[in-house]
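Following: one structure in structure tokens, then a few remarks.
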Amino acid sequence: MKTFNGYLREDGSVGTRNYIAVIPTVFCANEVASQVAEESELCRPVLHNKGCAELKPDLKVVTRTLIGLGLNPNVGAVLLVSLGCEAVSADEVYQGIFKEKKWIEKLVIQQTAGMRNTIKEGRRIVAEMSDALSKQDRSPQPAKKIRLAVKCGSSDATSGIAANPATGKAVDFIIEQGGTAVFGETTEFIGAEHILAKRGRRKEVEGRIMEIVSRMEKRIIQLGVDMRGSQPTPGNIAGGLTTIEEKSLGAISKSGKKPISGVYEYGERIKGRGLSIMDSPGKEDEFLTGVSAAGANVVVFTSGGGAPQGTPLVPVIKVASNPQMVHKMEEHVDVDASTIVTGTKSINDVSQLIIERIFRVASGSKVAAEINHYDKSIGIYTTGPTV
Amino acid sequence: MTSKVTYRFKALLISQKDNVGVALDSIPQGKSALLVSENGTVSKIVVTEDIPLGHKVAKKDILKGKYIFKYGEKIGIATSDIKSGSHVHIHNADSMRVKDKHTDDENL
């Protein structure tokens, strides 16, 4: 049975990293969070631009996402930084994290009286957390504790035939080991949603898949854009894609072939095992933040052109498949899937490489985005206006 | 039978269930290509037309009205008879949604 070395948490989940998440509840607290986080290498500031001046439905999403980020298995301790007047309830976020027995402290800038005092106090707290966390050790954990998210970005003609199918087989493997996997990017399902829906474990899942696609499409049509009618694009057609089903399946192939157990809202925590969908945009920072809040502890991100970004709380493994770009963008590539395109390795061969890399990264091996420190972006997906 | 010939041209069979391969090179008419499947097994395919890089070539005959399979799933329908080795694209294949479109037109 495959194992990896991870940090076992109180709730039974396992972290592939051991971070102190410094989370501002509102963008006004970003500067304080950022400076507090300088105190220790274990700190990951989770800077974002939400938390206030939005409507209730969006505030609900932001609250849920911030709680999820604090509860991510890769987080050993949380420092919440609030301004004091923001629309998101810092107490609600605190309680959401505290009740799951995660170590959390909270500072309110307007109460601690200003930036300098809060930073000073924050650094003291974080130093204490850092001291404790650095004494924690990894221990052997079963493969079923892997919580994998998959995404494709900077896609080109090779993504759909190489990186994605190979990644899909790695997802199948994780599910077969009893693990958890999640994918999303709802706009990519347009054209193949009925094929995807058939993979639903229950009728209810089928219905939810159709619902999230329809909902996303309605939002787009309201802006006067016909996504369905314009796919595949002339560029796609020139490149060999014949139908929208083919294009969508090229993206969906990264999810493998297993049945889909659940469909979650953006930033919602995923319960149980198996393969799930999270309603999400393809936008990299928002997707990666969403799956971090959902509880992913490792991500595989396929790319044709080579995309450099990661995310603060979860290691992102880059699988690239365009032979020219794998060479040009090699500092951003973790697994080379271009061998499928050159015919020197099979899809199965590359899926084995991806699986091996997932387990090594889960055990502590750094990904390119971590080595490059190209992993600071957070984005929270909200759909309403700012006010 | 193992061949010691090194194939200049290659195509990819993403799933064993597929009836099309994806050209990994631009394959000129009349040439043989190595068709590599997901698990590494190989077979030979002779193309009867130029197949551009990234485009599909029929692995076997596909009759008009039958499904095109890629990724082990239906990606479209043949809109005319397709012979093994020929180019499969918008001129002889279309989305399955076209069927629904035609039905709507008939009801107008």
Side-chain angles (χ1 to χ4, degrees), chain A residues 156-162 164-166 168-169 172 190-196 198-199 228-229 231-232 234-257 304 321-323 337-352, chain B residues 6-18 20-27 33-42 50-58 62 67-79 82 87-101:
Chain A
D156 65 10
T158 67
S159 308
I161 61 170
N164 287 351
K169 285 180 187 273
D172 287 345
I190 294 175
E193 66 268 38
H194 46 292
I195 301 173
L196 200 55
K198 284 214 296 274
R199 281 168 63 190
R228 192 182 293 265
Q231 300 293 336
N236 295 150
I237 291 169
L241 291 179
T242 308
T243 65
I244 190 178
E245 293 96 321
E246 182 179 8
K247 180 173 177 174
S248 293
L249 278 171
I252 289 167
S253 67
K254 68 183 182 284
S255 72
K257 297 282 185 184
S321 49
N322 183 304
S338 70
T339 46
I340 296 168
V341 176
T342 55
T344 48
K345 277 205 180 350
S346 71
I347 290 174
N348 282 8
D349 289 339
V350 175
S351 74
Q352 283 306 308
Chain B
T6 315
Y7 284 84
R8 159 78 183 81
F9 305 106
K10 297 196 182 94
L12 183 64
L13 191 71
I14 297 171
S15 163
Q16 313 275 58
K17 294 190 192 143
D18 294 348
V20 294
V22 179
L24 297 176
D25 304 284
S26 282
I27 312 173
L34 196 66
L35 186 63
V36 185
S37 78
E38 55 187 323
N39 60 5
T41 55
V42 295
D50 289 345
I51 313 289
L53 166 68
H55 287 231
K56 295 177 287 299
V57 55
I62 307 170
Y67 293 113
I68 315 289
F69 283 90
K70 188 181 170 195
Y71 304 106
E73 304 278 357
K74 300 169 187 163
I75 60 157
I77 310 184
T79 51
I82 301 173
H87 186 206
V88 179
H89 202 26
I90 54 178
H91 58 285
N92 56 14
D94 205 345
S95 168
M96 292 175 290
R97 285 158 179 266
V98 177
K99 261 198 341 198
D100 305 331
K101 252 205 315 207

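In what follows, chains are A, B, ... by sequence order, proteins preceding strands, each numbered from 1. Nothing here was measured: the structure is a model prediction, and the numbers come from that model.
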Please look at [X] and chain A and tell me whether the side chain, the backbone, both or neither of the residue comes under 4.5 angstrom of a heavy atom of that chain.
X	answer
B/Thr41	neither
B/Val42	neither
B/Ile14	both
B/Ile68	neither

Subject >> Candidate list A/Glu245, A/Glu246, A/Lys257, A/Lys198, test side-chain contact (heavy atoms from CB on, under 4.5 Å), partner B/Glu73, passing option >> reply: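 The residue from A/Glu245, A/Glu246, A/Lys257, A/Lys198 that satisfies side-chain contact (heavy atoms from CB on, under 4.5 Å) with B/Glu73 turns out to be A/Lys257.
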
Contacting region of [X] [heavy-atom separation from chain B under 4.5 Å]:
X	value
A/Ile252	neither
A/Lys169	side chain
A/Ile161	both

Original post:
Backbone N or O of A/Leu241 within a donor-acceptor pair of the B/His55 side chain at under 3.5 Å?
Top reply: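 Such a contact is absent between B/His55 side chain and A/Leu241 backbone.
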
**OP:** Mind ranking B/Gly54, B/Ser37, B/Ser15 by heavy-atom pairs under 4.5 Å with chain A and telling me who comes out on top?
**Re:**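 Most heavy-atom pairs under 4.5 Å with chain A: B/Gly54.
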
**OP:** State the CD-CG distance between B/Glu38 and A/Asn348, to the nearest 0.5 angstrom.
**Re:**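 Nearest 0.5 Å value for the CD-CG distance: 6.0 Å.
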
Original post:
For the candidates A/Ser253, A/Gly239, A/Ser351, which exhibits the highest count of non-hydrogen atom pairs separated by less than 4.5 Å from chain B?
Top reply: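 Sorted descending by pairs with chain B, the first entry is A/Gly239.
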
**OP:** Count the heavy-atom pairs under 4.5 Å between each of A/Ile244, A/Ile195, A/Ile347, A/Thr342 and chain B, then report the option with the highest count.
**Re:**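 Looking at each option in turn, the highest pair count goes to A/Ile347.
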
Subject >> Residues in side-chain contact (heavy atoms from CB on, under 4.5 Å) contact with A/Asp349, at least two apart in sequence or another chain >> reply: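 Expected list: A/Lys345, A/Ser346.
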
Original post:
Minimum heavy-atom separation for B/Ile90 to A/Ile237, with atom names?
Top reply: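 Looking at all heavy atoms of both residues, the closest pair is CD1-CG2, 3.8 Å.
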
Subject >> Distance-minimising heavy-atom pair for B/Tyr71 and A/Pro165 >> reply: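 So the two residues come closest at CE2-CG, 4.2 Å.
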
**OP:** Would you mind reporting whether A/Ile340 and B/Leu12 have side-chain heavy atoms less than 4.5 Å apart?
**Re:**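 Yes, side chains in contact.
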
Original post:
Who passes side-chain hydrogen bond (donor to acceptor under 3.5 Å, both in side chains) against A/Ser248, sequence neighbours left out?
Top reply: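 A/Ser248: no side-chain hydrogen bond (donor to acceptor under 3.5 Å, both in side chains) contacts found.
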
